[in-house]
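Everything quoted here is computed from the prediction, not taken from an experiment. We count ligands from 1, going down the list as the structure has it; atoms in each ligand are counted the same way.
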Amino acid sequence: MADVDRLKALAAERALEFISNGMVVGLGTGSTAKHLIRLLGERVRGGFRVLGVPTSIATEKMAREAGIPLTTLAEHAELDLVIDGADEVDPARNLLKGGGGALVREKIVAAAARSRVIIVDETKLVDVLGRRFALPVEVIPFAVPTATAAIARLGGRAELRLTSGSGNAFVSDNGNPILDCRFGDITDPARLERDVTLIPGVVDCGLFVGFDPIVVVAAHSGTRIIR
Ligand code: 5RP
């Protein structure tokens with residue numbers, strides 16, 4: 001396992017302590033969440049009872065393979081907990097997410113959960129959001145040109161996300177493209193989230209503000225909890 005992947009696995013393992021028997025748990029998307037699903041699957045096979053709500057088709061497939069029983073928001077509109085990764089976490093525990101393109105379902109599940117646990121390796125902790133990572137914005141196909149122009153008016157540079165390899169436009173699980181938007185330092189994430197999501201045709205963006213997550217950080221020296 002590569003070094004950073006080992007840290008992701010450590011964070012996922014530590015997060016298991018937040019899951020109690022019988023909980024309905026949102027299952028995040030990405031390479032860190034993948035470890036959580038694997039480890040939770042092992043627990044389920046050992047008799048642990050849990051119901052998962054996947055935040056993406058990829059996670060749904062992985063969870064099924066791991067033997068985790070699944071449910072839907074139609075059956076459980078309120079969840080006990082969600083555990084998910086993030087691309088950046090700032091000192092106020094605001095998040096930038098969506099590197100894996102699952103931001104819309106991830107935010108819906110985060111909002112439906114009574115508590116949220118974010119699992120990251122220490123490289124994800126940043127002083128300010130947006131310096132390293134572009135902000136993913138999911139838009140309906142019809143709105144790509146107008147949303148691109150609106151993002152420019154907000155001071156951002158939008159680039160249509162392409163699927164690595166084929167060069168075709170990336171399509172989310174919801175059938176939409178994603179604009180990766182460079183705004184430079186995002187000093188007021190709440191304001192930018194509001195401004196971007198007010199653009200007609202924008203479904204949502206990868207800023208997760210005010211969710212008050214518990215953050216599990218894995219470093220070479222061990223794991224720590226920030227809350
Ligand atoms: C997917 C996400 C992921 O949580 C985020 O991209 C982190 O991914 P990884 O754990 O692979 O670093 O927001 O939409």
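Panel note: side chain Asn174, backbone Asn176; no donor-acceptor pair is recorded below 3.5 Å. A side-chain donor-acceptor contact under 3.5 Å links Asp80 to the backbone of Val24. Panel note: side chain Arg161, backbone Glu138; no donor-acceptor pair is recorded below 3.5 Å.
Residue contact check: Ser31 has heavy atoms under 4.0 Å from atoms 9 (P), 10 (O), 11 (O), 12 (O) of ligand 1. Which parts of ligand 1 touch Gly85 is read off a 4.0 Å heavy-atom cut-off, strictly below it: atoms 4 (O). Listed by atom number, the atoms of ligand 1 under 4.0 Å from Gly98 heavy atoms are 2 (C), 13 (O), 14 (O). Interface atoms of ligand 1 facing Asp84, defined by a heavy-atom separation under 4.0 Å, are 4 (O). Within the listing of ligand 1, atoms 14 (O) sit less than 4.0 angstrom from a heavy atom of Gly101. Which parts of ligand 1 touch Thr29 is read off a 4.0 Å heavy-atom cut-off, strictly below it: atoms 1 (C), 2 (C), 3 (C), 4 (O).
Only the backbone of Ala86 comes within contact range of ligand 1, with a heavy atom under 4.0 Å; no side-chain atom does.
With hydrogens left out, the protein atom closest to atom 4 (O) of ligand 1 is Lys97 NZ, 2.9 Å, a heavy atom. For atom 12 (O) of ligand 1, the closest heavy atom belonging to the protein is Lys124 NZ, 2.8 Å. Counting only heavy atoms of the protein, atom 10 (O) of ligand 1 lies nearest to Thr32 OG1, 2.5 Å. Atom 1 (C) of ligand 1 has as its closest protein heavy atom Glu106 OE2, 3.1 Å. Of the protein's heavy atoms, Asp87 OD1, 4.0 Å lies nearest to atom 8 (O) of ligand 1.
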Mind running side chain to side chain contact (heavy atoms under 4.5 Å, CB included) on Thr146 and Ile199 for me, showing each step along the way? CA-CA 9 Å; Thr146 50; Ile199 297 170; over 6 Å; no

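Under a 4.0 Å N-O distance rule, the pair Glu193/Lys107 qualifies as a salt bridge.
Linking Ile, Leu, Val, Met, Phe, Trp and Tyr whenever their side-chain heavy atoms come within less than 4.5 Å puts Leu40 and Val117 in one cluster.
Remark: ligand 1 and Gly30 share no N or O pair separated by less than 3.5 Å (distance only, no angle test).
When each of Thr59, Asp84, Val25, Ile119 is paired with Leu36, the side-chain contact (heavy atoms from CB on, under 4.5 Å) condition holds for Ile119 and for no other.
For CZ of Arg157, the number of neighbouring non-hydrogen atoms (other residues, nucleotides, ligands) closer than 6.0 Å is 12 at most.
Neither side chain, Asp185 nor Thr187, offers a donor N or O lying under 3.5 Å from an acceptor on the other.
Considering all non-hydrogen atoms of both residues, Pro136 and Leu103 come closest at CB-CD2, 3.6 Å.
Within the structure, ligand 1 lacks Lys34 among the residues with a heavy atom less than 4.0 angstrom away.
Counting heavy atoms only, Ala102 comes closest to atom 14 (O) of ligand 1 of the residues Ser172, Ala102, Ala33.
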